[in-house]
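Comments concern the structure below.
In this chain, residues are counted from 1 in sequence order.
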Amino acid sequence: MFEEKGEKRNMSKIGVFDSGFGGLSILKEIVKKMPQYSYVYLGDSARAPYGSRSHDAILEFTKQGIDFLFSKGAEIIVLACNSASSQALRYIQQVYLPETYPEKKVLGVIIPTAEVAITKSKNMCIGVLATEATVSAGAFKRELKKLDSTVDVYEIPAPLLVPLIEAGKEDSLKIKRLVKDYVALVSKQPIDTLILGCTHYGIIKEDFISVAEGVTVISEAEIVADKLFTYIEKHADIKSKLSLDADVCFFTTDTTNKFESIGSRFFGSTIISHEINL
């Protein structure tokens with residue numbers, strides 16, 4: 001798959017893995033930031049959402065996902081899923097990669113988001129709305145505390161939003177009521193910054209902004225794109241291997257019709273996908 005004598009150089013891709021559709025909003029911003037590279041996306045939509053899954057299940061699904069993306073030529077992978085980033089990333093980076101893919105890289109979305117949140121907060125009181133898996137892992141609190149031990153972090157699970165967003169009801173009154181309710185819960189504390197700790201939530205960011213008065217609302221898509229750009233620029237060994245064919249390939253574990261219909265809303269343009277089994 002990789003370079004042999006006489007083969008074309010720079011054939012590797014940037015991989016993006018998500019439990020379903022939310023990661024497409026991350027990929028959208030990454031492609032906008034770095035359109036010259038080639039990308040491969042996998043959405044494990046058949047087993048989504050990950051937010052209510054056990055740690056062991058999320059870890060196993062994530063390992064299968066990155067195995068697939070590496071088999072498709074990924075040089076570096078972004079886990080564009082907060083549940084996977086919180087439950088599986090440390091094991092992937094510290095154990096699985098060194099044993100299985102020692103030359104490859106896997107990055108998450110939580111650390112970049114935490115870094116920006118710390119810079120935005122004035123009173124070091126930060127709220128997080130996320131899936132049950134992300135909240136139970138305490139990943140945002142852990143990373144925020146590493147950056148500033150004085151920060152107060154209040155994490156609230158918001159599991160009812162994802163299915164409604166995926167059903168195309170992001171403009172519904174029910175979504176707006178849920179956003180108001182979740183913001184009210186986390187705002188019982190004197191937060192001045194709110195992290196939307198699920199990639200799905202970014203698609204309704206304006207709803208959060210409209211009800212979280214005086215609070216800086218942070219979603220992940222642009223943050224991750226900027227941080228990935230900086231990372232690649234600093235790692236010439238990775239950058240030199242990346243294909244400059246400027247294409248994107250999409251894979252799903254669900255039916256392609258469903259993935260393309262919903263996924264095109266998240267990606268911002270029509271996508272064509274391929275169904276696979278993990």
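- Considering all non-hydrogen atoms of both residues, Ala130 and Gly197 come closest at CB-O, 3.5 Å.
- When every heavy atom of Ile110 is checked against every heavy atom of Glu143, the shortest pair comes out as CG2-CG, 4.0 Å.
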| said: Under the criterion side-chain contact (heavy atoms from CB on, under 4.5 Å), I'd like the reasoning laid out for Leu194 against Val186: C-alpha separation, chi angles, the key distance, then a yes or no. | reply: CA-CA 9 Å; Leu194 176 62; Val186 75; 4.0 Å; yes
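- Between the side chain of Asn123 and the backbone N or O of Pro190, at least one donor-acceptor pair lies under 3.5 Å.
- One hydrophobic cluster holds both Leu79 and Val95 under the rule that ILVMFWY side chains link at heavy-atom gaps under 4.5 Å.
- Checked by atom type and distance alone, the side chain of Ser240 pairs as donor or acceptor with a backbone atom of Ala236 at under 3.5 Å.
- Under the 3.5 Å distance criterion, with hydrogens and angles disregarded, a donor-acceptor pair is assigned to the side chains of Asp148 and Thr150.
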| query | Which is it for Asp245 and Gln36 under the side-chain hydrogen bond (donor to acceptor under 3.5 Å, both in side chains) test, yes or no, and what are the steps along the way? | reply | CA-CA 7 Å; Asp245 290 339; Gln36 70 273 30; over 6 Å; no
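- A side-chain donor-acceptor contact under 3.5 Å links Ser187 to the backbone of Val183.
- To the nearest 0.5 Å, the span separating CD1 on Ile30 from CG on Asp226 amounts to 10.0 Å.
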| task | Report the C-alpha distance between Ile156 and Val128 in whole Å, list the side-chain angles of each, state the deciding distance to 0.1 Å, and finish with yes or no for side-chain contact (heavy atoms from CB on, under 4.5 Å). | result | CA-CA 6 Å; Ile156 301 292; Val128 180; over 6 Å; no
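- With contacts defined as side-chain heavy-atom distances shorter than 4.5 Å, the pair Tyr96/Tyr101 qualifies.
- Closest of all the heavy-atom pairs between Thr256 and Glu275 is CG2-N, 3.5 Å.
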| Can Lys105 and Glu75 be said to form a salt bridge (Lys or Arg N to Asp or Glu O under 4.0 Å), step by step? | CA-CA 7 Å; Lys105 299 293 182 184; Glu75 184 68 25; over 6 Å; no
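- A donor-acceptor pair under 3.5 Å is absent between the side-chain atoms of Ser121 and the main chain of Ala117, judged by distance alone.
- Atom NZ of Lys180 sits in a sparse spot, with 12 or fewer heavy atoms from other residues, nucleotides or ligands closer than 6.0 Å.
- Side-chain contact between Ile276 and Leu42 is present, with at least one heavy-atom pair separated by less than 4.5 Å.
- Cluster membership check: Val135 does not share its hydrophobic cluster with Val151, using side-chain heavy-atom separations under 4.5 Å among Ile, Leu, Val, Met, Phe, Trp and Tyr.
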| request: Could you please spell out the steps behind the side-chain contact (heavy atoms from CB on, under 4.5 Å) verdict for Gln64 and Phe68? | output: CA-CA 6 Å; Gln64 292 171 0; Phe68 176 81; over 6 Å; no
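- One finds a salt bridge joining Lys176 and Asp207 here, because a Lys/Arg side-chain nitrogen approaches an Asp/Glu carboxylate oxygen to under 4.0 Å.
- The main-chain N or O of Val215 is never found under 3.5 Å from a side-chain atom of Asp192 such that the two would form a donor-acceptor pair.
- Interatomic distance, His55 NE2 to Ser136 OG, rounded to the nearest 0.5 Å: 10.0 Å.
- Asp67 is not listed as a side-chain neighbour of Leu278, based on a closest heavy-atom distance of 4.5 Å or more.
- Leu228 and Leu24 end up in the same hydrophobic cluster when Ile, Leu, Val, Met, Phe, Trp and Tyr side chains are linked at under 4.5 Å.
- To the nearest 0.5 Å, atoms NE2 (His200) and CG (Asn82) are separated by 11.0 Å.
- By the 30° and 60° cut-offs, the orientation of the rings of Tyr37 relative to Tyr39 is perpendicular.
- With respect to the salt-bridge test (charged N to carboxylate O, under 4.0 angstrom), the residues Glu222 and Lys32 do not qualify.
- Atom CG in Leu59 sits 6.5 Å away from atom OH in Tyr91 (nearest 0.5 Å).
- Atom CD1 of Ile272 sits in a sparse spot, with 12 or fewer heavy atoms from other residues, nucleotides or ligands closer than 6.0 Å.
- Between Phe61 and Tyr50, the distance separating the two ring centers is shorter than 6.0 angstrom.
- Neither Ile111 nor Ile76 shares a network with the other; the hydrophobic side chains, linked directly or stepwise wherever heavy atoms of I, L, V, M, F, W or Y lie under 4.5 Å apart, form separate groups for each.
- Side-chain N or O atoms of Arg53 include one that pairs as donor or acceptor with a backbone N or O of Arg47 at under 3.5 Å.
- For the pair Ile77 and Leu107, the minimum side-chain heavy-atom distance is 4.5 Å or more.
- Looking at heavy atoms from C-beta onward, Leu196 lies in side-chain contact with Val217 at the 4.5 angstrom threshold.
- Shown here for Ser85 and Gly108, the closest heavy-atom pair between the two residues is OG-CA, 3.5 Å.
- The closest side-chain heavy-atom distance from Glu206 to Ile209 is below 4.5 Å.
- Between the side chain of Thr100 and the main chain of Leu97, no donor-acceptor pair closer than 3.5 Å is present.
- Judged by distance alone, the side chain of Glu220 and the main-chain N or O of Ile26 form no donor-acceptor pair under 3.5 Å.
- Geometric assessment of Lys33 against the ring of Phe229 yields a positive cation-pi assignment under the 6.0 Å and 45° thresholds.
- For the pair Lys28 and Phe266, the cation-pi test (distance below 6.0 Å, angle within 45°) is failed.
- Between Tyr41 and Asp18, the closest side-chain pair of non-hydrogen atoms falls below 4.5 Å.
- A distance-only check finds a donor-acceptor pair linking the side chain of Ser86 to the backbone of Ser83 [under 3.5 Å].
- The CD1 atom of Ile203 sits 7.0 Å away from atom CD1 of Ile165, with the distance rounded to the nearest 0.5 Å.
- Annotation: the span from Glu260 atom CD to Asp254 atom CG amounts to 11.0 Å, rounded to 0.5 Å.
- Under the 4.5 Å side-chain heavy-atom criterion for grouping Ile, Leu, Val, Met, Phe, Trp and Tyr, Val224 is connected to Ile204 within one hydrophobic cluster.
- When every heavy atom of Gln87 is checked against every heavy atom of Ala137, the shortest pair comes out as NE2-CB, 3.6 Å.
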| said: Assess the residue pair Leu161 and Tyr182 against the criterion (side-chain contact (heavy atoms from CB on, under 4.5 Å)); give the C-alpha distance rounded to whole Å, side-chain angles, the decisive distance to 0.1 Å, and a yes or no. | reply: CA-CA 10 Å; Leu161 293 173; Tyr182 285 135; 3.8 Å; yes
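- Taking 4.5 Å as the limit, some side-chain heavy atom of Glu233 sits within range of a side-chain heavy atom of Lys239.
- Panel note: side chain Tyr201, backbone Phe208; no donor-acceptor pair is recorded below 3.5 Å.
- In this structure, Phe259 has its ring center no closer than 6.0 Å to that of Phe250.
- Using a 3.5 Å distance cut-off with no hydrogens or angles, the side chains of Asp44 and Thr253 do pair a donor with an acceptor.
- Heavy-atom minimum distance, Ala74 versus Lys104: O-NZ, 3.5 Å.
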